[in-house]
Amino acid sequence: MSDDSILKLWQVLNKLSLAILLYDNKNNTYCVNTAAQILFDLKHCDNLDSTAFNAVTLLSVHNNKHIAIESLFDSKTSTNIQLKKQQQSIPLNIALTQLSDSVSMLCLEPLKSDVIELYNFDRVISEISTDLIDIQNDDIDLHINFALKAIGTAFAADRSYLFEFNTDNETITNTHEWVNEGIEPFKQRLQNVPKTELPYFFEVMNATHLFQVNDVLKLPQAANAEKVEFQIQKIQSVLCIGLLFDKELIGFIGCDCVNFKRAWTHIDLIRIKLVGEIIANALKNIDYKKKLQLAQQQLITANQKLSLLVNTDGLTNIANRRCFDETLKSEIQRCARNKHSLSLIMCDIDFFKRYNDNYGHQKGDDALKQVAKTLNKLCRREGDLAARYGGEEFAIILPSLNAAECHQFALLLQQKIALLNIVHSDSSVAKTLTLSVGFYSTYPTKNTRPETIINNADAALYEAKETGRNKTCQFFESN
């Protein structure tokens with residue numbers, strides 16, 4: 001389109017009652033017709049720059065963010081905006097047309113009141129949906145209360161609320177409630193309400209998932225119980241929509257009017273259904289997350305129990321051979337990295353076969369349990385481990401203990417066993433149960449093998465048993 005054509009078109013557009021705004025991106029100038037001049041309270045019409053619109057406040061209808069005048073000529077801009085003017089908000093529909101390579105035309109049309117209401121409600125729905133899309137369990141109350149306030153305000157209602165069925169599915173509880181200023185709340189009164197107290201309501205709700213009453217006084221005789229309850233709450237009109245979870249009714253949301261009667265419209269019904277679906281989906285998400293967290297916790301607990309079973313000796317309830325082997329391997333690596341010492345004790349109950357033969361296997365098992373418990377109690381530091389190595393033989397891993405410290409530990413161990421005072425009349429070294437102890441202490445390297453440490457400690461134990469039992473022997477490298 002030539003400049004002459006644009007000029008002729010402008011002479012026509014300038015006479016229209018529709019607000020028109022032209023922008024020339026070559027010169028960065030604007031022209032407005034008379035209707036736009038009045039709309040924006042501008043003093044001039046031609047060759048305006050963007051500063052002429054500094055006093056004009058334009059907002060997005062979706063997030064209330066400010067929009068610069070030049071942004072209106074971006075094709076990505078929403079087709080609806082708000083003009084703030086003299087404590088008044090004017091929603092505008094905008095249409096953008098490219099007249100030439102450099103000139104764009106914008107038509108601005110104020111929206112009618114019913115359209116304004118629609119866009120306001122759309123914004124409310126957008127905010128509710130955004131809040132409830134990825135809701136967490138700890139903030140659900142806050143967002144549901146916001147949603148109830150939003151729909152209560154949008155419907156010009158006096159109350160809005162959420163009811164959920166209890167686990168027995170025979171009673172229902174008012175979990176969330178919004179009330180308008182000066183309206184009496186009833187949430188505390190409506191806890192664990194039996195469905196049998198409102199038979200007509202639940203008959204209709206179960207059948208249609210909708211309870212719509214424009215005038216409570218016109219309810220049928222079958223709804224006498226409901227009519228009494230509504231009159232107690234001074235309700236004149238009520239609208240409730242069921243919340244479904246896997247096609248099962250889990251509760252409902254509703255609005256009621258106290259100060260006036262309301263003839264609920266088809267649009268009201270669509271809107272409350274939409275909000276109901278959003279809230280139902282949020283509750284589903286919370287339920288799924290709870291079930292997922294429960295399943296995860298059950299899996300963790302099951303794994304812990306399995307790990308305990310796999311790593312624990314069934315008789316003595318201390319670590320078993322498998323756990324001992326894995327722990328020794330990891331402690332060798334850790335002590336090698338940190339240049340710490342590592343000690344291993346191997347101990348054996350003296351003449352345990354004789355004890356079993358004389359006192360029976362039940363007494364033998366009891367003795368093993370007492371010895372294991374004593375060893376386990378002495379392992380107080382992190383990393384210490386007492387394990388049943390096999391039969392009547394036990395092992396103790398002691399990270400960061402040198403030979404002298406390990407020797408003292410072994411002597412203390414024998415003292416504690418003596419204090420158990422377990423009678424062993426067939427022992428040739430004492431009248432009570434005793435231990436033979438062998439230990440080995442070293443500073444492991446990355447090349448140190450677990451078998452070497454075990455064999456050395458075992459050799460010391462063999463020496464203790466061969467040289468009289470009920471004693472402690474250390475393995476020296478020179479051995």
Side-chain angles (χ1 to χ4, degrees), residues 304-305 307-332 334-335 340-352 355-356 359 361-424 427 429-441 450 453-454 457-458 460-461 464-465 469-475:
Q304 288 172 340
K305 288 181 179 178
S307 177
L308 191 63
L309 288 172
V310 168
N311 292 296
T312 303
D313 178 64
L315 175 65
T316 62
N317 284 326
I318 65 172
N320 60 13
R321 176 67 180 272
R322 179 182 181 278
C323 182
F324 166 81
D325 289 339
E326 291 183 355
T327 303
L328 180 60
K329 188 185 298 182
S330 64
E331 287 300 331
I332 288 173
R334 190 176 67 84
C335 290
H340 288 174
S341 59
L342 176 64
S343 294
L344 175 64
I345 288 177
M346 302 291 288
C347 52
D348 199 67
I349 299 177
D350 293 324
F351 305 112
F352 186 69
Y355 186 91
N356 256 345
Y359 297 101
H361 288 285
Q362 183 60 55
K363 283 288 188 180
D365 288 349
D366 290 342
L368 288 172
K369 291 176 184 178
Q370 291 185 68
V371 170
K373 185 177 181 180
T374 301
L375 269 60
N376 205 43
K377 275 188 176 181
L378 287 173
C379 296
R380 298 171 182 170
R381 302 175 312 144
E382 185 178 356
D384 291 352
L385 180 78
R388 187 182 181 191
Y389 195 75
E392 67 272 23
E393 191 173 2
F394 296 88
I396 303 177
I397 301 172
L398 298 168
S400 303
L401 250 62
N402 58 30
E405 293 166 334
C406 184
H407 190 206
Q408 291 301 314
F409 187 98
L411 294 176
L412 177 62
L413 172 59
Q414 288 184 310
Q415 292 173 14
K416 294 295 184 182
I417 295 301
L419 289 175
L420 293 176
N421 202 29
I422 301 173
V423 176
H424 188 357
S427 173
V429 294
K431 294 181 180 180
T432 58
L433 204 71
T434 58
L435 290 182
S436 292
V437 180
F439 72 91
Y440 172 62
S441 298
I453 295 178
I454 293 171
D458 210 34
L461 172 61
K465 293 166 72 172
R469 298 184 186 262
N470 191 24
K471 59 190 300 187
T472 296
C473 290
Q474 178 184 355
F475 180 90

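Atom set for the values below is all heavy atoms of this structure, side chains included, hydrogens, waters and symmetry mates excluded.
- Rounding to the nearest 0.5 Å gives a distance of 5.0 Å between CD1 of Ile396 and SG of Cys379.
- Closest approach of Phe351 and Ser427 over heavy atoms only: CD1-OG, 3.7 Å.
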Trace of the side-chain contact (heavy atoms from CB on, under 4.5 Å) decision for Leu342 with Ile397: CA-CA 8 Å; Leu342 176 64; Ile397 301 172; 4.0 Å; yes

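- A distance of 8.0 Å separates CD1 in Ile318 from CG in Leu385, rounded to the nearest 0.5 Å.
- At distances below 3.5 Å, at least one donor-acceptor pair connects side-chain atoms of Glu405 with backbone N or O atoms of Asn402.
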side-chain contact (heavy atoms from CB on, under 4.5 Å) between Gln474 and Tyr440, worked out: CA-CA 6 Å; Gln474 178 184 355; Tyr440 172 62; over 6 Å; no

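- Put simply, the side chain of Cys347 does not reach to within 4.5 Å of the side chain of Val371, judged on heavy atoms.
- Across all their heavy atoms, Gln370 and Leu420 have their closest contact at O-CD1, 4.0 Å.
- In this structure, CD1 on Ile422 lies 9.0 Å from CG on Leu368, to the nearest 0.5 angstrom.
- Using a 4.5 Å cut-off on side-chain heavy atoms (C-beta onward), Asp348 and Tyr389 make no contact.
- For residues 365-374, no residue pair satisfies the salt bridge (charged side-chain N to carboxylate O under 4.0 Å, His left out) rule, not counting sequence neighbours.
- Formation of a donor-acceptor pair under 3.5 Å by the Ser341 side chain with backbone atoms of Leu401 is found in this model.
- Using a 4.0 Å cut-off between a side-chain N of Lys or Arg and a carboxylate O of Asp or Glu, Lys329 and Asp325 do not qualify as a salt bridge.
- In this structure, CD on Glu392 lies 8.5 Å from CG on Asn356, to the nearest 0.5 angstrom.
- Between Leu435 atom CG and Asn470 atom CG the span is 8.0 Å, to the nearest 0.5 Å.
- Considering all non-hydrogen atoms of both residues, Ser441 and Ala403 come closest at OG-CA, 3.3 Å.
- Of all non-hydrogen atoms in His340 and Ser400, the two that sit nearest each other are ND1-OG, 3.3 Å.
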Residues Asn311, Arg322; criterion side chain to side chain donor-acceptor pair (under 3.5 Å); working and verdict: CA-CA 6 Å; Asn311 292 296; Arg322 179 182 181 278; 2.8 Å; yes

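- In this structure, Tyr359 and Tyr355 have tilted ring planes: the angle between them lies in the 30° to 60° band.
- Residue Arg381 qualifies as enclosed at atom CZ: its count of foreign heavy atoms under 6.0 Å is above 12.
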Chi angles and distances behind the side-chain contact (heavy atoms from CB on, under 4.5 Å) call for Gln408, Leu412: CA-CA 6 Å; Gln408 291 301 314; Leu412 177 62; over 6 Å; no

Stepwise side-chain contact (heavy atoms from CB on, under 4.5 Å) test for Thr434 and Ile417: CA-CA 7 Å; Thr434 58; Ile417 295 301; 5.8 Å; no

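- Checking side-chain atoms of Asn320 against main-chain N and O of Val310 turns up a donor-acceptor pair under 3.5 Å.
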Side chain to side chain donor-acceptor pair (under 3.5 Å) between Gln414 and Thr472, worked out: CA-CA 9 Å; Gln414 288 184 310; Thr472 296; 3.0 Å; yes

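- Asp350 is not listed as a side-chain neighbour of His424, based on a closest heavy-atom distance of 4.5 Å or more.
- Residues Leu344 and Phe324 approach most closely at CD1-CE1, 3.7 Å, considering heavy atoms.
- Nearest heavy-atom pair, Leu461 versus Ser436, reported as atom, atom and distance to 0.1 Å: CD1-O, 3.1 Å.
- Atom CD of Gln415 sits about 13.0 Å away from atom OG1 of Thr374, to the nearest 0.5 Å.
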